[in-house]
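Ligands are counted one by one from 1 in listed order, and the atoms in each one are counted from 1 as well. Note that the structure is predicted; figures quoted are calculated from it, not measured.
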Amino acid sequence: LMFGKARTCNIVTVPEHEPSECNIVILGAMGSGKSALTVKFLTKRFISEYDPNLEDTYSSEEVVDQQPFIVKVMDTADQDGPVNCERYLSWANAFIIVYSIDNRNSFQACQQYIETVTLYSKGLQPDTPVILLGNKVDMERYRQVSKADGAALASRFGCRFFEVSACLDFLSVQHIFHEVVREVRRE
Ligand code: GDP
Ligand code: MG
């Protein structure tokens, strides 16, 4: 799938400069919906079956507040929590750490990721935004992680917090990625 190619005609304003780049790394337990969110953002479609071991980086030309950006998204596929983090730590301009609201274990896994990336990015100037994201709000009936728990974890580490569903509306998913770009631009 060539997500990057499919969207290269997306710039509506002629940039005066080369567009800024924003590298976003998606982290979280297997099954939390990292690939579904990434694909939704890039294609507006929900793809329910995605190779769980596939890790790849995609590129999309986005316009955020009339400014063009090349947004690169690394959809990671860790099996055992934060290991071999070197591959993304220095590359990232921002991290989105995903859990599934219907799976308590995936929320616990987030804590490890938040600790790892905030420990790394603390020493950096500018520091790297970290966003905590509870996915699968369409599974409300099976919720195991309250919104308050998500918000509390995020505030403990000074992160923004959102809840979303990869299989509901595209604009809510796009909004989160664009907020990440705004935070990076602000740094
Ligand atoms: P990853 O391992 O974090 O990349 O997770 P995937 O994107 O492969 O998703 C794991 C499973 O959860 C798949 O069966 C998806 O169809 C499903 N899934 C992903 N996002 C959502 C969501 O927002 N709602 C629901 N109901 N299922 C989702
Ligand atoms: Mg995946």
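Annotation: Ala36 places an N or O atom under 3.5 Å from an N or O atom of ligand 1; distance criterion only. Not a single N or O atom of Glu49, backbone or side chain, sits closer than 3.5 Å to an N or O atom of ligand 1. Between Asn135 and ligand 1, an N or O atom pair is found at a separation short of 3.5 Å.
Within ligand 1, the atoms closer than 4.0 Å to a non-hydrogen atom of Ala166 are 20 (N), 22 (C), 23 (O), numbered from 1 in the order shown. Near Met139, meaning under 4.0 Å from any of its heavy atoms, are these atoms of ligand 1: 26 (N). If you number the atoms of ligand 1 from 1 as listed, the ones under 4.0 Å from a heavy atom of Met30 come out as 2 (O). Atoms of ligand 1 found under 4.0 Å from any heavy atom of Cys167, numbered from 1 in the order shown, are 22 (C), 23 (O), 24 (N), 25 (C). Listed by number with element, the atoms of ligand 1 under 4.0 angstrom from any heavy atom of Ser48 are 13 (C), 14 (O), 15 (C), 16 (O).
Protein heavy atom at the shortest distance from atom 8 (O) of ligand 1 is Tyr50 O, 4.1 Å. The closest protein non-hydrogen atom to atom 9 (O) of ligand 1 is Gly33 CA, 3.7 Å. Protein heavy atom closest to atom 2 (O) of ligand 1, with residue, atom name and distance, is Gly31 N, 2.8 Å. Atom 26 (N) of ligand 1 has Asp138 OD2, 2.7 Å as its closest protein atom, hydrogens excluded (heavy atom only). Nearest protein heavy-atom neighbour of atom 17 (C) of ligand 1: Lys136 NZ, 3.9 Å.
The two residues Cys110 and Leu153 have their closest heavy-atom pair at CB-CD2, 4.4 Å.
Under 2.8 Å from the Mg ion (ligand 2) lies an N/O/S atom of Ser35, whether from backbone or side chain.
Ligand 1 lies out of reach of Gly28, whose nearest heavy atom is not under 4.0 Å from it. At a 4.0 Å cut-off, not a single heavy atom of Pro52 sits close enough to ligand 1 to count as contact. Ligand 1 lies within reach of Ala29, whose nearest heavy atom is under 4.0 Å from it.
Residues Ser32 and Asn135 bring no donor and acceptor atom of their side chains to less than 3.5 Å of each other. Using modelled atom types and a 3.5 Å distance limit, the side chains of Asn23 and Tyr88 yield no donor-acceptor pair.
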### Task
Go through the steps for Arg160 and Leu132 under the test side-chain contact (heavy atoms from CB on, under 4.5 Å), then give the verdict.
CA-CA 6 Å; Arg160 304 271 303 278; Leu132 181 65; over 6 Å; no
### Task
Kindly determine whether Gln108 and Tyr99 satisfy side-chain contact (heavy atoms from CB on, under 4.5 Å), including the steps that lead there.
CA-CA 9 Å; Gln108 257 124 33; Tyr99 65 92; over 6 Å; no
### From CA spacing to verdict: side-chain contact (heavy atoms from CB on, under 4.5 Å), Asp138, Glu140
CA-CA 5 Å; Asp138 60 291; Glu140 184 62 43; over 6 Å; no
### Task
Walk me through it: do Arg141 and Asp102 pass the test side-chain contact (heavy atoms from CB on, under 4.5 Å)?
CA-CA 8 Å; Arg141 274 182 301 168; Asp102 67 352; over 6 Å; no
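The aromatic rings of Phe177 and Phe41 lie parallel to each other, with less than 30° between the two planes, well short of the 60° mark.
Counting heavy atoms from C-beta on, the side chains of Val164 and Leu133 come closer than 4.5 Å.
Cation-pi check for Lys40 over Phe46 is not met; the charged atom does not lie both under 6.0 angstrom from the ring centroid and within 45 degrees of its normal.
Between Glu163 atom CD and Ile176 atom CD1 the span is 10.0 Å, to the nearest 0.5 Å.
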